[in-house]
There are 2 protein chains.
Amino acid sequence: MAKFKLDEIDHQILDMLIENTRTPFTDIAKKLLISAGTVHVRVKKMEEAGIIEGSSLTLDYRKLGYSFIAYVGIYLQNTSQTKFVLERINNIPFVTVAHITTGKFNIFCKIRAKDTTHAKDIIFLLDDIEGVYRTETMISLEESINDKKRLMHSIFKDL
Amino acid sequence: MAKFKLDEIDHQILDMLIENTRTPFTDIAKKLLISAGTVHVRVKKMEEAGIIEGSSLTLDYRKLGYSFIAYVGIYLQNTSQTKFVLERINNIPFVTVAHITTGKFNIFCKIRAKDTTHAKDIIFLLDDIEGVYRTETMISLEESINDKKRLMHSIFKDL
DNA sequence: GGTGAAACTTCTAATAA
DNA sequence: TTATTAGAAGTTTCACC
């Protein structure tokens, strides 16, 4: 995978767009003392290079009544069942992320639910998948860090 | 936390904006057979209610050379150190998410790095924090599920 | 609630530097 | 690579259903 070189201007443009996708290019241009056309060209290049994959809304799921976050580690009876189990997990609602992992668990996923009762229903669905030997749940009491700009800054300082 | 009621139209608007924040309201209006003004008003209401917190870019970090994802569970010597340790974690780059959790670990975080060596450096920084007793790392071999629209659909079917 | 059109802002692409 | 500019496109407001 080829590395794409970002310069300070690109970094700053991304910074503002990460904060708010709809930041007008004219505003970005004003702040960076370049023209809106330049912003446009640079964003387009990053899109063409695939650096910018797309954009998405950030929703407050708590306001919709879904305050419960948990991580669930899954032990499989046999590694060969990974693909099959993942397909089943893909059909279970409220599972937002799933990774194949090394270490303790074979599969590791994140769920978001209304409350403990609701979460129990989801975890039972996971437990019932054929090939799942056991699951282990870690309930999030508080999401302390989740800053969209952090990673970008880390990478930029690190390059 | 008061629950906000979304109807089918709101849901569809969110759906299109989750997919692409810059979807023109005129396109949404055309698809849903309503006016662009209505789309505008509904989005504004969801913003005012705080359902829509904001928007952000989706970047391909692999293309920037950061392909490595791991989850790190942290055991503390004492729960009273939670706040202190989280503050320290907040200063460590490449930690993208951190939760206070029940279960095996006291704190649970996610890191993104260039490669195993780079990840090792980050994990050592975590290990070195005063109050951290031990850490346990799960390396992601593959991110199999991470669909922005999944949760919205789950919630809408569930309401 | 929703509409439709006018007024305003932003985007985009072509040209020029 | 960047700036300028003008026409296209999108957003927002508002009088009226």
Neighbour count above 12 (heavy atom, 6.0 Å) for E130(B) CD: no
Anything under 4.0 Å to a heavy atom of chain B counts; send over the first and last such nucleotide of DNA chain D, read 5' to 3'. dG10(D) to dT13(D)
Does OH in Y133(A) sit with more than 12 non-hydrogen atoms of other residues, nucleotides or ligands closer than 6.0 Å? no
Cationic N near anionic O, under 4.0 Å, R150(B) to D147(B): no
Could you measure the distance from the OG1 atom of T96(B) to the CZ atom of R112(B)? Nearest 0.5 Å is fine. 7.5 Å
Tell me which residues in residues 6-33 of chain A lie within less than 4.0 Å of DNA chain C, going by non-hydrogen atoms. P24(A), F25(A), T26(A)
In terms of heavy-atom contacts, does NZ of K30(A) have more than 12 from other residues, nucleotides or ligands at under 6.0 Å? no
Do any of residues 35-44 of chain A sit with a heavy atom less than 4.0 Å from DNA chain D, and if so which? S35(A), T38(A), R42(A)
From F94(B) CZ over to F68(B) CZ, what is the distance, rounded to the nearest 0.5 angstrom? 13.0 Å
Nearest 0.5 Å, please: how far is CZ in F156(A) from NZ in K149(A)? 14.0 Å
To the nearest 0.5 Å, atom CG of D128(B) lies from atom OG1 of T135(B) at 10.0 Å
State, yes or no, whether a side-chain contact exists between L126(B) and V132(B) at a heavy-atom distance under 4.5 Å. no
Spacing of K83(B) atom NZ and S144(A) atom OG [to the nearest 0.5 Å]: 11.0 Å
